[in-house]
Amino acid sequence: EMMKELSGLYVLESKLKEMLNLSEVIVVPGDSDQDVWVKNDMGKAAADRLKRQLSAKNIIAVTGGTTLASVAEMMTPIQKGQQLLFVPARGGLGEKVENQANTICSTMAQKANGEYRLLHLPDQLSKETYLSLMAEPGVKEVMELIHSAGIVLHGIGDAKTMAVRRNSDPSLLQKLEKEKAVAEAFGYYFDQQGEVVHRVRTIGLQLDELQNSDFIMAVAGGSSKSDAIAAFMKHGPKKVLITDEGAARQLLGRS
Ligand code: G3H
């Protein structure tokens, strides 16, 4: 903490909190675009912050991505008597197994000594498949848990990086370019104003349902994500952001 004060990170945190209209910001030193260990430090900060938030019974919805995978890696056992249930926020988004919400959800639960439920769904559902899966009792049960999650933990990605990483159709890449998408979160793509320009059709938490959760924490860093973070944060309600110095300095430099 002493180091943090001396390095001016507290100043970055309070400036960023004001600029992005957030309820809390934690900035870890370094830039995860430059140094890979910085992502683990964000993961550790997020896991610690999550643990301070927990009460006796919590349902925690988590998204995918490499940053959330770091949060899962850094998770440590919770106190005895606490009951935690981890669920994936949304179904398949076209990610590799290690970056999928299901994988991250089960790792987090194992490390925390909690429980988990998964959504076993194919990626990129057709409308018919989507509607019939929604009617399945097993899916319905997990959906109810997702909707009652008091805590949501998610990553934010650069729109193009995410679309390419998910092997999206050339038509989607064109659409994102045309609509000037800069951010991605929960399988939604956003433009600079924070408006949704595309949504991946999959089961789970929809963006407008976020407001039902008490605690929404984004974990995203690296100077290359500054536009994405700024765009996504234009969406209410007030959120918590765990980021790194690289993203923080880039964000504040733009204002
Ligand atoms: O869902 C993925 C996130 O939006 C960003 O992924 O943490 O690997 O950059 P990342």
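Note that ligands are numbered from 1 as they come in the structure, with each ligand's atoms numbered from 1 the same way. Numbering of residues begins at 1 and proceeds along the displayed sequence.
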Q | His154 and Phe232 aromatic ring geometry - parallel, tilted or perpendicular at 30°/60° bounds | A | perpendicular

Using a 4.5 Å cut-off on heavy atoms from C-beta on, say whether the side chain of [Y] contacts that of [X].
| X | Y | answer |
| --- | --- | --- |
| Ile151 | Leu54 | yes |
| Glu73 | Asn40 | no |
| Thr67 | Lys225 | yes |

For ligand 1, which atoms, with element, lie under 4.0 Å from some heavy atom of [X]?
| X | answer |
| --- | --- |
| Glu184 | 1 (O), 2 (C), 3 (C), 4 (O) |
| Arg166 | 1 (O), 2 (C) |
| Ile156 | 4 (O), 5 (C) |
| Lys225 | 7 (O), 9 (O), 10 (P) |

Starting from [atom], locate the nearest protein heavy atom and write down its residue, its atom name and how far away it is, to 0.1 Å.
| atom | answer |
| --- | --- |
| atom 7 (O) of ligand 1 | Thr67 OG1, 2.5 Å |
| atom 6 (O) of ligand 1 | Arg165 NH2, 3.4 Å |
| atom 8 (O) of ligand 1 | Thr66 OG1, 2.5 Å |
| atom 2 (C) of ligand 1 | Met162 CE, 3.4 Å |

Q: Identify, with sequence neighbours excluded, every residue that meets side chain to side chain donor-acceptor pair (under 3.5 Å) alongside Lys238.
A: Asn21

Q: Could you tell me which residues satisfy side chain to side chain donor-acceptor pair (under 3.5 Å) with Glu115, sequence neighbours excluded, listed by chain and number?
A: none

(Q) Please check: side-chain N/O of Ser223 versus main-chain N/O of Ala247, any donor-acceptor pairing under 3.5 Å? (A) no

Q. Where the side chain of Ser168 meets the backbone of Ala163, is there a donor-acceptor pair that is under 3.5 Å apart?
A. yes

Q) Could an N or O of ligand 1 be found under 3.5 Å from any N or O of Gly65, whether backbone or side chain? A) no

Q: Using non-hydrogen atoms of the residue, decide whether Lys39 is closer than 4.0 angstrom to ligand 1.
A: no

Q) So is His154 in contact with ligand 1, going by heavy-atom distances below 4.0 Å? A) no

